[in-house]
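Have a look at the structure below, then the notes.
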Amino acid sequence: QVQLVESGGGLVQPGGSLRLSCVASGIRFSLYNGAWYRQVPGKQRELVASITTIHNTNYADSVKGRFTISRDNSKNTMYLQMNSLKPEDTAVYYCKARLGRNGNNYWGQGTQVTVSS
């Protein structure tokens, strides 16, 4: 069975940092494209960052220069380093894995990130 488990969320002050982790089981994560999404209640889920099997990365304009997506193949884990956090970054963050361009999407359960004083 495929499972993605996020961790590392929590409460942080504006300007602070958090590092999210996504541990995969049931797949060799290095063979899958990965992505981080976030969702605010009442709004559509949005793509934050993505990383391919060959380590190409893309970021939403709203997080460029502040967030970094990476992966550690030996640990079957994907990360999202979030710096200079803003209140508008508050959301539930989800990791996703996809095999190729049109494979099925596998989703984690989400982890809450709250940026507030």
Side-chain angles (χ1 to χ4, degrees):
Q1 292 85 358
V2 177
Q3 189 174 25
L4 303 177
V5 179
E6 302 99 332
S7 63
L11 175 64
V12 64
Q13 296 183 45
S17 298
L18 281 175
R19 189 195 197 198
L20 306 183
S21 298
C22 174
V23 180
S25 59
I27 60 168
R28 187 182 299 173
F29 208 168
S30 62
L31 302 179
Y32 287 70
N33 299 297
W36 287 97
Y37 287 74
R38 65 187 181 189
Q39 189 167 28
V40 176
K43 292 192 63 181
Q44 195 165 19
R45 191 171 298 184
E46 68 167 335
L47 177 63
V48 175
S50 62
I51 185 167
T52 70
T53 57
I54 58 171
H55 313 290
N56 293 324
T57 59
N58 285 287
Y59 299 91
D61 287 342
S62 59
V63 307
K64 281 181 180 175
R66 300 189 297 121
F67 290 11
T68 303
I69 188 170
S70 63
R71 63 202 312 170
D72 185 338
N73 293 335
S74 69
K75 296 180 179 179
N76 225 37
T77 300
M78 182 175 67
Y79 303 97
L80 184 67
Q81 178 67 46
M82 305 185 295
N83 299 327
S84 303
L85 282 161
K86 305 174 180 180
E88 51 262 46
D89 295 318
T90 296
V92 177
Y93 284 72
Y94 299 88
C95 68
K96 188 191 76 173
R98 188 190 71 209
L99 183 62
R101 253 190 170 189
N102 36 282
N104 292 137
N105 291 319
Y106 297 99
W107 292 92
Q109 83 291 341
T111 185
Q112 176 71 47
V113 172
T114 303
V115 185
S116 177
S117 298

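Along the sequence shown, the residues carry numbers beginning at 1.
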- prompt: Mind checking what makes side chain to side chain donor-acceptor pair (under 3.5 Å) contact with D72, not counting sequence neighbours?
  reply: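 D72: side chain to side chain donor-acceptor pair (under 3.5 Å) contacts with S74.
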message: Closer than 3.5 angstrom, by distance alone: can the side chain of R101 be matched with the main-chain N or O of G103 as a donor-acceptor pair?
response: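 A pair under 3.5 Å: no.
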query: Who pairs with R45 by salt bridge (Lys or Arg N to Asp or Glu O under 4.0 Å), at least two apart in sequence or on another chain?
result: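 Partners of R45 under the salt bridge (Lys or Arg N to Asp or Glu O under 4.0 Å) test: none.
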message: Within the 4.5 Å heavy-atom criterion, are L20 and M82 side-chain neighbours or not?
response: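 The answer is yes; the side chains approach within 4.5 Å.
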- prompt: Any side-chain heavy atom of L11 sitting closer than 4.5 Å to one from S116?
  reply: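 With C-beta onward as the side chain, the pair touches.
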query: Quick one: disulfide (SG to SG under 2.5 Å) pairs with a partner in residues 8-117, sequence neighbours left out?
result: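 Qualifying pairs: C22-C95.
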- prompt: With sequence neighbours left out, which residue pairs that include part of residues 35-89 fulfil the disulfide (SG to SG under 2.5 Å) condition?
  reply: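 As it turns out, there is no disulfide (SG to SG under 2.5 Å) pair with a partner in residues 35-89 once direct neighbours are skipped.
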task: May I ask whether V40 and L85 are part of the same hydrophobic cluster, defined by side-chain heavy atoms of I, L, V, M, F, W, Y residues being less than 4.5 angstrom apart, directly or through others?
output: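 No, separate clusters.
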message: In this structure, would V12 and V48 fall into the same cluster of hydrophobic residues linked by side-chain contacts under 4.5 Å?
response: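 Yes.
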- prompt: Tell me, which pairs form a ring pair (Phe, Tyr, Trp, His ring centres under 6.0 Å) where one or both residues lie in residues 51-92, sequence neighbours left out?
  reply: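 Matches after skipping sequence neighbours: none remain.
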query: For residues 88-117, which residue pairs qualify under ring pair (Phe, Tyr, Trp, His ring centres under 6.0 Å), counting only residues two or more places apart or in two chains?
result: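 Sorted result for residues 88-117: Y37-W107.
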Steps toward salt bridge (charged side-chain N to carboxylate O under 4.0 Å, His left out) verdict (K64, D61): CA-CA 5 Å; K64 281 181 180 175; D61 287 342; 3.1 Å; yes
